[in-house]
Amino acid sequence: MPTTHEALSSLFSRTMIKTRKETPNRAVSVNHDLLIRGNFIRQEAAGIYTILPLGRRVLNNIENIIRHHLNELGSVELTLPALHPKNLWEQTGRWDTVDVLYKVQSKFGKKYVLAATTEEIATPLAKDHIKSYRDLPLSFYSINNKYRDEARAKSGIIRNREFGMKDMYSFHASPEDFAQYYKKVLETYMQIFADCGINAKITEASGGEYTVAATHEFMAISEAGEDEIICCEECSFAQNIEVSGYHEGDKCPKCGEKLKTEKAIEIGHIFDLGIKFSNDFNLKFVDRNGTLQPVFMGCYGIGTTRLMGAVVEIHYDERGIVWPEKLAPYNCHLVGLNMEDSNVNRVAFTLYEYLARKHISVLFDEREKVSPGRKFSDADLIGIPIRLIISKRTVQKNSIEITDRVSGKSEVIPLDKFYRQINQDNFESLK
Ligand SMILES: [Zn+2]
């Protein structure tokens, strides 16, 4: 039965979901195992994944959270290309120095870089728009795929050769103006990660291969992480173990509590670029006194697919993924049992379409001849916060069963009461 709300909601059998009990490389990592078994992603080769419809919806949610917060910050979205002419990378000296670059040769003899990062495009672009102090500050961002020729792609979608990334660049008239903006981005990033269900730790790191000055990393504490940090559980103090002078058991320099080491996944990284790229591309502006001055730049990254992997590493149990509410692919998972029964079929489809009309997105398991056990284990694996069950039993009693994915608690309520609640925009109260 087709519905007019397909973009908002989906039928299970039309969403490219074929859940599996096992993955071939189960030991690789939790996110690899659960995201593949739940049909969020499909591995094509080491470090290369297709994002399937369920995964696409989660990634859309992540990207929209990022958009919401960055737009509030006054940044504007655009799309930077993935194919960059070689000469731009020669101009920054990075054609030869960045060892993870994919270099592509055209049949016409031209050479290109597959975007590993985008300063080489962003800086000349900004030059078109920055002439005087009146044009500053400027900030824009792009969410698209990046490419890095990693020696070892691993940990599911945590470290890939092709991956989703948000890059933001900001341009300023002075180091002071830059510093103010940088601080605002730092706070904004914490909100973005909180919305994604991650209580991030901020560590200060040395410049690294793309930068000249100090940087800040945002770390999600997880056993799947490649980094090790030393941090305080009581306050926000955290340092990367590589640069830190502190050891486990030392007193926190901020609050005096004990420090401990944790494994962590880097989910965001922000950089003070200084005038490195402004110099490379001669990006200058005329100040109030009519003097030419260099533009100060910042760069701010979030790995979007990596963030999805990190969220799974943190939010799961023995039955599958437990998505934080704002990232869940659908608001609820409607499970129809005994769908061969015409009464059940009618009640379930009516409910499905009603929810969609009320802008509550639904994944509707409408499959016939699939056992209840299989449907429930699929729902657990996929991890949508609220499960609604319509079955022969509930239809006989004019009721509906509501289950919370986190607590596993179930409640049976009259169907008309459920409709009343939805009608009063009271979906929240069902949790
Ligand atoms: Zn502390």
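Every number for a ligand or one of its atoms is a count from 1 in the order of the listing.
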Report the relative orientation of the aromatic rings in H172 and F178; use parallel for angles under 30°, tilted for 30 to 60°, perpendicular for over 60°.
-> perpendicular

Do I360 and Y354 pass the side-chain contact (heavy atoms from CB on, under 4.5 Å) test, and can you show the C-alpha distance, the side-chain angles, and the key distance before you say yes or no?
-> CA-CA 9 Å; I360 296 162; Y354 184 82; over 6 Å; no

D227: what forms a salt bridge (Lys or Arg N to Asp or Glu O under 4.0 Å) with it, not counting sequence neighbours?
-> none

Please find out if less than 6.0 Å separates the ring center of Y300 from that of Y189.
-> no

Less than 2.8 Å from the Zn ion (ligand 1) is the window; count the protein N, O or S atoms in it.
-> 4

Residues N282 and K127: side-chain donor-acceptor under 3.5 angstrom = no

Parallel, tilted or perpendicular for H216 and Y182, by the 30°/60° rule?
-> tilted

